[in-house]
Amino acid sequence: MSTKTALITGITGQDGAYLAQLLLSKGYAVHGVVRRSSHAGVFDHRLKWLGIENDVALHDGNLLDLSSLARIVQAVQPDEVYNLAAQSFVTASWQQPLLTGQITGLGAVNLLECVRTLKPDARYYQASSSEMFGLIQEQVQSEATPFYPRSPYGVAKLYAHWMTVNYRESFALHASNGILFNHESPLRGVEFVTRKVTDGVARIKLGLAKELRLGNIDAKRDWGHAKDYTRAMWMMLQQDKPDDFVIATGRTTTVRDMCALAFAHVNLAIDDHLVIDEKLYRPAEVEVLLGNPAKAEAAFGWKAEISLEAMIQEMVEADLKRLGGRA
C-alpha cells in the first residue's frame, strides 16, 4: 500500500470524489481544496454518497487566491497534485466568460506556480477537456488533432492545457494533461445533459413530471464512466515521463440514443415525453466528439471498462432512489 500524499482541487465534484475514493483504496493520504460557500453541509454531498467524507482532509482555498493555494501546498507537501477544479458547465461559460477564464484558465496557472515554487518534485495532473477540439478538425480526435474550441469553457481549458505543457517544458515539472472526453456517473451535476436525462426520466417514471425538455439531441458525444476516467488520471502520474493523453471510449452516440437508453430502462416510450426546446441550443454547437485512446492504452494499458448502457442504467437507478421518497 502507498504512503503517498495527494492534493485534489475540485474534490467535492464528480471526478474529485471518485478520484479520492480510488486514492484512499491505494493507501494515499488525501487532501482536498474546497471553496467555502453559503451551502454549508451540502458542498461535500458526493463524498458522503461514497462514504468517504471522514477519510479526507479538506482545506479552505480557491484557485483565484494564490495565497490560499500556497498555504495549502506548503502545509500538505503533496506527492501528487490533481487540478480538477473549474467552472465546468459549458452552457454557463457564455453567461460567465470572465469568471470561466479566471477559474478554469488562470486558476490552473496559480496552482502550477505553487507547485513550481513550493513542491517542484510533485507530480501534477491537469484536467483538460475534449471541448478543446470543438469544431473538429479530424473525424476521430487524438493527441495530434488541432484544437478549435467553440465555447469560453473550451478556450479557458485550452489555455490551462498549454500552460501545463509550458511549465513541463520550461521548469521540468512532471506535469501531464488528461484530455478527457465526456464522462458521467450518478455523481454528475443535474445541469449536465446525461444527468438531466436520467433525473428527468426518473421523475417521469415516478409521476413527478410529464416531459423532458432538451436542446440539440442530434449532437454526438463519446461518453464514458467517471470511475474509469479517474483511474486514468492516477495511471498517468505513475509514468516515468509526463505526457498528454486522450481518455475516451472510442464510441460516439447521439443525445437522442442516450435518452432512448434511459427511457427504455424504465419501460417508457421516448416520443411520449421528450420535448425539443430551441431555447436550450448552444450559441455555437459542438456537433461530434469521438476520441482515440490508443496512446493511453499503449503507454499504460488503460481501457474503458464500463459501457454506456451500464452507466445510464446505474444513473437512472440512482435517481429513482434519490427521488423515491418524494413520489
> For His45 and Glu53, what are the C-alpha separation, side-chain angles and deciding distance, and is it a side chain to side chain donor-acceptor pair (under 3.5 Å)?
Replying inline: CA-CA 8 Å; His45 71 93; Glu53 74 274 15; over 6 Å; no
> Is the closest side-chain heavy-atom distance between His265 and Glu317 below 4.5 Å?
Replying inline: yes
> Will you find, in the side chains of Thr145 and Glu138, an N or O donor that is under 3.5 Å from an N or O acceptor?
Replying inline: yes
> Nearest heavy-atom pair of Ile52 and Ala20: which atoms, and what distance?
Replying inline: CD1-CB, 3.9 Å
>> Do Phe192 and Asn182 make a side-chain contact, defined as non-hydrogen atoms from C-beta onward lying under 4.5 Å apart?
In response: no
> Cluster question for you: counting only ILVMFWY and a side-chain heavy-atom cut-off of under 4.5 Å, with indirect links fine, are Phe245 and Val81 together?
Replying inline: no
>> With salt bridge (charged side-chain N to carboxylate O under 4.0 Å, His left out) as the criterion, how do Arg168 and Asp244 come out once you've worked through the C-alpha distance, each side chain's angles and the decisive distance to 0.1 Å?
In response: CA-CA 11 Å; Arg168 180 172 72 217; Asp244 306 324; 2.8 Å; yes
>> Minimum heavy-atom separation for Ala262 and Val201, please, with both atom names.
In response: O-CG1, 3.6 Å
> Considering residues at least two apart in sequence or located in another chain, which fulfil the side chain to side chain contact (heavy atoms under 4.5 Å, CB included) criterion with Ala209?
Replying inline: Arg203, Ile204
> Going through the checks in order, is the salt bridge (charged side-chain N to carboxylate O under 4.0 Å, His left out) test met by Arg195 and Asp319?
Replying inline: CA-CA 9 Å; Arg195 180 73 197 290; Asp319 282 321; 2.9 Å; yes
> Considering only heavy atoms from C-beta outward, does the side chain of Thr249 approach that of Lys303 to under 4.5 Å?
Replying inline: no
> Where is the tightest heavy-atom contact between Asp257 and Thr254, given as atom of each residue plus distance?
Replying inline: N-OG1, 3.0 Å
> Does NZ in Lys295 sit with more than 12 non-hydrogen atoms of other residues, nucleotides or ligands closer than 6.0 Å?
Replying inline: yes
> So do Leu289 and Thr252 actually touch side chain to side chain, heavy atoms under 4.5 Å?
Replying inline: no
> Will you find, in the side chains of Thr230 and Asp15, an N or O donor that is under 3.5 Å from an N or O acceptor?
Replying inline: no
> Between Gln239 and His174, is any side-chain donor less than 3.5 angstrom from a side-chain acceptor?
Replying inline: no
>> Lys241 vs Asp243, test: salt bridge (charged side-chain N to carboxylate O under 4.0 Å, His left out). Steps then yes/no.
In response: CA-CA 7 Å; Lys241 293 183 179 180; Asp243 205 345; over 6 Å; no
> Which other residues end up in the same hydrophobic cluster as Leu290, if Ile, Leu, Val, Met, Phe, Trp and Tyr are linked when side-chain heavy atoms come under 4.5 Å apart?
Replying inline: Val140
> Can you find a heavy atom in the side chain of Asp60 that is under 4.5 Å from one in the side chain of Ser68?
Replying inline: no
> Is the gap between the ring centers of His31 and His59 under 6.0 Å?
Replying inline: yes
>> Tell me the closest heavy-atom pair linking Ala85 and Thr9, and the distance in Å.
In response: N-OG1, 3.1 Å
>> For Gln238, I'd like to know if atom CD has over 12 heavy atoms of other residues, nucleotides or ligands within 6.0 Å.
In response: yes
> Does the side chain of Val255 reach to within under 4.5 Å of the side chain of Thr194, using non-hydrogen atoms?
Replying inline: no
> For the residue pair Pro186 and Tyr18, what are the closest heavy atoms and their distance?
Replying inline: CD-OH, 3.8 Å
> Does Tyr229 have its ring centroid less than 6.0 Å away from the ring centroid of Trp302?
Replying inline: yes
> Does the salt bridge (charged side-chain N to carboxylate O under 4.0 Å, His left out) test come out yes or no for Glu309 and Arg251, once each step is laid out?
Replying inline: CA-CA 12 Å; Glu309 290 80 3; Arg251 169 191 177 188; 2.7 Å; yes
>> I'd like to know if Glu305 pairs up with Arg231 as an ion pair, taking the criterion as any Lys NZ or Arg NE/NH1/NH2 lying under 4.0 Å from an Asp or Glu carboxylate oxygen.
In response: yes
> Do Tyr124 and Tyr167 have ring centres separated by under 6.0 Å?
Replying inline: no
>> Please evaluate residues Glu80 and Tyr28 with respect to the criterion side chain to side chain donor-acceptor pair (under 3.5 Å), reporting the C-alpha separation (whole Å), side-chain torsions for both, the decisive distance (0.1 Å), and the verdict.
In response: CA-CA 10 Å; Glu80 297 174 4; Tyr28 279 65; 2.8 Å; yes
>> If hydrophobic clusters are built from ILVMFWY residues whose side chains come within less than 4.5 Å, do Val33 and Leu237 share one?
In response: no
> Hey, what's the ring geometry for Phe263 with His273, parallel, tilted or perpendicular (30° and 60° as the breaks)?
Replying inline: parallel
>> Distance check, rounded to the nearest 0.5 Å: Glu211 atom CD versus Leu274 atom CG?
In response: 9.5 Å
> Any luck finding a side-chain donor-acceptor pair between Asn177 and Ser128 under 3.5 Å?
Replying inline: yes
>> With rounding to the nearest 0.5 angstrom, report the OG to CD1 distance, Ser130 to Ile247.
In response: 12.0 Å
> Which pair of heavy atoms, one from Ala156 and one from Gly101, lies closest together, and at what distance?
Replying inline: CB-CA, 4.0 Å
> For the residue pair Phe133 and Tyr148, is the inter-centroid distance of their aromatic rings smaller than 6.0 Å?
Replying inline: no
> Cluster question for you: counting only ILVMFWY and a side-chain heavy-atom cut-off of under 4.5 Å, with indirect links fine, are Val34 and Leu187 together?
Replying inline: yes
